[in-house]
Amino acid sequence: MEKTGSKTKVKGYAALDARSDLVPFSFERRALGKKDIFIEILYCGVCHSDLHQVKNEWGGSMFPMVPGHEIIGKVTHIGASVKKFKVGDIAGVGCMVDSCRACSSCKEHEEQFCKEGCTWTYGSPDKISQGVTYGGYSTEIVVDEDFALHISKKLDPAATAPLLCAGITTYSPLKHWKAGPGKKVGIYGLGGLGHMALKFARSFGAHVVQFTTSENKIDDAKRLGAHEVILSTSKGQMDAHMESFDLILDTVSAPHDANILLSLLKRNGSLVTVGVPSDAFKVMAFSLIRNRRSFSGSLIGGIKETQEMLDYCAEKNITSDIELIDMKDINDAYKRLLKSDVKYRFVIDIASLKK
Ligand code: NAP
Ligand code: ZN
Ligand code: ZN
């Protein structure tokens with residue numbers, strides 16, 4: 001089926017500036033190009049990155065901003081040259097919708113590190129429309145098939161949406177740093193990213209230790225797969241694990257002291273941040289030179305690895321633990337996210353936008 005020639009008017013929610021609540025916002029999606037697929041969005045996850053950007057905490061936010069990069073929907077139309085998708089498929093869209101496709105990063109399937117800068121799903125200059133990209137807090141999206149993901153019909157679509165960012169952002173570094181049997185792996189922060197990291201690290205066979213500042217999450221951490229749980233506000237509990245970790249994945253969104261986490265690493269251990277607090281880390285040289293420690297970071301994952309992760313999740317039946325919300329409740333959800341009060345990912349039921 002083709003849907004060519006005309007733009008589509010869609011409903012969404014947008015931040016109009018960095019201080020106000022999100023409000024209803026209508027805009028147009030581009031006419032379907034030859035390699036585009038048209039997706040009727042069913043669910044969209046709420047990432048803490050949405051909140052950082054809505055509040056312009058990283059600088060450079062462009063308004064109006066329609067956030068959302070954990071998108072799951074149904075393919076309803078396809079362009080004339082589309083090969084990978086057919087009408088009726090369930091498709092996903094994550095953090096990227098385009099890249100140069102020619103640089104070494106793109107050729108090596110790491111489009112997130114595109115030398116020209118990839119096109120982010122929202123808030124990014126759009127080479128195709130010449131405008132700004134708008135994300136998944138909306139009823140429909142048009143995307144090049146190369147940046148869409150296949151979603152197994154075995155997986156619950158609402159609980160699968162968070163895999164498109166929280167899933168790949170934790171899967172990729174855990175694979176890169178070889179979390180697996182014989183490794184003691186710490187996950188710092190039990191939020192959207194943290195709970196996926198915990199599930200993956202456990203599934204890969206590592207000994208997994210979950211850190212949390214929230215006492216009320218300790219039982220959940222065990223249920224989600226942690227072998228041990230550390231209340232990170234307890235100096236005694238932290239001290240008991242000094243110099244013992246091979247890898248700590250830091251998923252925390254707020255400013256915090258990385259030196260404390262580095263002191264928990266054993267010889268040649270790595271601290272890897274995926275969290276992006278707005279303040280700089282202040283790392284002491286002594287935290288690194290002792291035990292020859294490394295402090296690194298990781299940014300989402302390429303399209304190929306995202307598909308690998310989704311297929312892995314379908315095989316192992318791994319999805320996110322979610323709280324399904326209506327679109328109109330997004331501003332309350334953001335307030336709860338700031339208080340670390342979500343178990344463990346908000347997902348917007350996009351049907352609520354159509355009412
Ligand atoms: P989230 O659901 O809000 O989870 C963050 C968790 O951090 C909270 O649940 C809380 O866990 C812990 N935390 C919050 N404030 C803390 C503090 N002051 N000290 C210690 N722990 C604290 O957020 P998310 O969606 O998982 O995102 C986490 C971070 O990753 C954000 O900065 C986001 O922008 C970033 N991110 C990065 C990438 C990437 O590619 N690198 C991709 C997506 C998101 P406890 O209650 O267990 O303490
Ligand atoms: Zn995200
Ligand atoms: Zn590139």
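No experiment lies behind these values; they were computed from the predicted model shown. Atoms within a ligand are numbered from 1 in the order they appear, just like the ligands themselves.
- Heavy atoms of Arg345 approach ligand 1 to within less than 4.0 angstrom.
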Go through it in stages, so that I can follow the logic: the residues are Glu40 and Thr76, the test is side-chain hydrogen bond (donor to acceptor under 3.5 Å, both in side chains), and I'd like the CA-CA distance, side-chain angles, deciding distance and then a yes or no.
CA-CA 7 Å; Glu40 195 182 295; Thr76 57; 4.9 Å; no
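- Nearest-residue assignment for atom 39 (C) of ligand 1 (options Thr169, Leu190, Leu51; heavy-atom criterion): Thr169.
- Taking CG from Leu16 and CG from Leu22, the interatomic distance works out to 8.0 Å, rounded to the nearest 0.5 Å.
- The residue from Ser214, Pro255, Ala166 that puts a heavy atom closest to atom 46 (O) of ligand 1 is Ser214.
- Among the atoms of His69, an N, O or S atom falls under 2.8 Å from the Zn ion (ligand 2).
- Of the listed residues (Lys266, Lys183, His207), just one forms a side-chain hydrogen bond (donor to acceptor under 3.5 Å, both in side chains) with Asp246, and that residue is Lys266.
- Within the model, atoms CG of Leu224 and CD of Gln210 stand 8.0 Å from one another, a figure rounded to the nearest 0.5 Å.
- Each of the atoms 39 (C), 40 (O) of ligand 1 lies under 4.0 Å from some heavy atom of Ile300.
- Looking only at protein heavy atoms, the nearest one to atom 37 (C) of ligand 1 is Val274 O, 2.8 Å.
- A distance of 11.5 Å separates OG1 in Thr133 from NZ in Lys127, rounded to the nearest 0.5 Å.
- Taking each of Asp220, Thr273, Val252 in turn, the one with a heavy atom nearest to atom 16 (C) of ligand 1 proves to be Val252.
- For the 3.5 Å distance criterion, the side chains of Ser320 and His195 qualify, holding a donor opposite an acceptor.
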Evaluate the criterion salt bridge (charged side-chain N to carboxylate O under 4.0 Å, His left out) for residue pair Lys175 and Glu305; output intermediate values, then yes/no.
CA-CA 10 Å; Lys175 280 265 159 174; Glu305 193 177 32; over 6 Å; no
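- Contacts of Trp58 with ligand 1, taken as heavy-atom pairs under 4.0 Å, involve the side chain alone.
- Ranking the protein heavy atoms by distance from atom 5 (C) of ligand 1 puts Ser253 OG, 3.7 Å first.
- Counting heavy atoms from C-beta outward, Ile71 and Leu164 have side chains that stay 4.5 Å or more apart.
- In this structure, the protein non-hydrogen atom closest to atom 8 (C) of ligand 1 is Ser340 OG, 3.5 Å.
- Contacts between His52 and ligand 1 below 4.0 angstrom, taking non-hydrogen atoms only, involve the side chain exclusively.
- For the residue pair Asn56 / Ser61, a side-chain donor-acceptor distance below 3.5 Å is found, with atom types taken as modelled.
- The shortest N or O to N or O distance between Tyr344 and ligand 1 is not under 3.5 Å.
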Output, in order, the C-alpha distance, side-chain angles, deciding distance and verdict of salt bridge (charged side-chain N to carboxylate O under 4.0 Å, His left out) for Arg293 and Glu243.
CA-CA 10 Å; Arg293 295 166 175 137; Glu243 309 205 334; 3.6 Å; yes
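- Which of Ser232, Ala221, Ala254 comes nearest to atom 17 (C) of ligand 1 through a heavy atom is settled by distance: it is Ala254.
- Rounded to 10°, the angle formed at the Zn ion (ligand 2) by SG of Cys47 and SG of Cys165 is 130°.
- Near Leu337, meaning under 4.0 Å from any of its heavy atoms, are these atoms of ligand 1: 2 (O), 3 (O).
- The nearest N, O or S atom of His48 is not closer to the Zn ion (ligand 2) than 2.8 Å.
- Between Val185 and Leu249, every side-chain heavy-atom pair lies at or beyond the 4.5 Å cut-off.
- Per-residue contacts place Thr212 under 4.0 angstrom from the following atoms of ligand 1 (heavy atoms of the residue considered): 45 (P), 46 (O), 47 (O), 48 (O).
- The heavy atom nearest to atom 2 (O) of ligand 1, out of those in Gly192, Gly189, Gly45, Gly94, is found in Gly192.
- A distance of 8.5 Å separates CG of Leu337 from NE2 of His52, quoted to the nearest 0.5 Å.
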Go through Asp341 and Lys335 one step at a time and tell me if the salt bridge (charged side-chain N to carboxylate O under 4.0 Å, His left out) criterion holds.
CA-CA 9 Å; Asp341 174 26; Lys335 288 187 189 106; over 6 Å; no
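- Given atom 3 (O) of ligand 1, the protein heavy atom at minimum distance is His48 ND1, 2.7 Å.
- Using a 4.0 Å heavy-atom cutoff, Cys165 is listed among the residues neighbouring ligand 1.
- Scanning the protein for heavy atoms near atom 33 (C) of ligand 1, the closest one is Ser49 OG, 3.4 Å.
- The Zn ion (ligand 3) lies at 2.8 Å or more from every N, O or S atom belonging to Cys118.
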Would Asp144 and Arg101 count as a salt bridge (charged side-chain N to carboxylate O under 4.0 Å, His left out) if you check the C-alpha gap in whole Å, the side-chain angles of each, and the deciding distance to 0.1 Å?
CA-CA 12 Å; Asp144 186 307; Arg101 303 162 196 235; 3.3 Å; yes
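- Considering only non-hydrogen atoms, atom 20 (C) of ligand 1 lies nearest to Thr213 out of Val276, Thr213, Leu193, Thr170.
- Atoms of ligand 1 lying under 4.0 Å from any heavy atom of Lys217, numbered from 1 in the order shown and given with element: 9 (O), 11 (O), 45 (P), 46 (O), 47 (O).
- Polar contact check, Ser298 against ligand 1: a nitrogen or oxygen pair lies under 3.5 Å apart.
- Among all protein heavy atoms, the one lying closest to atom 28 (C) of ligand 1 is Thr251 O, 3.0 Å.
- Classified by interplanar angle (parallel below 30°, tilted 30° to 60°, perpendicular above 60°), the ring pair Tyr188/Phe211 is perpendicular.
- Atom 4 (O) of ligand 1 has its closest protein heavy atom at Gly191 CA, 3.3 Å.
- Rounded to the nearest 0.5 angstrom, Cys103 SG and Glu110 CD are separated by 10.5 Å.
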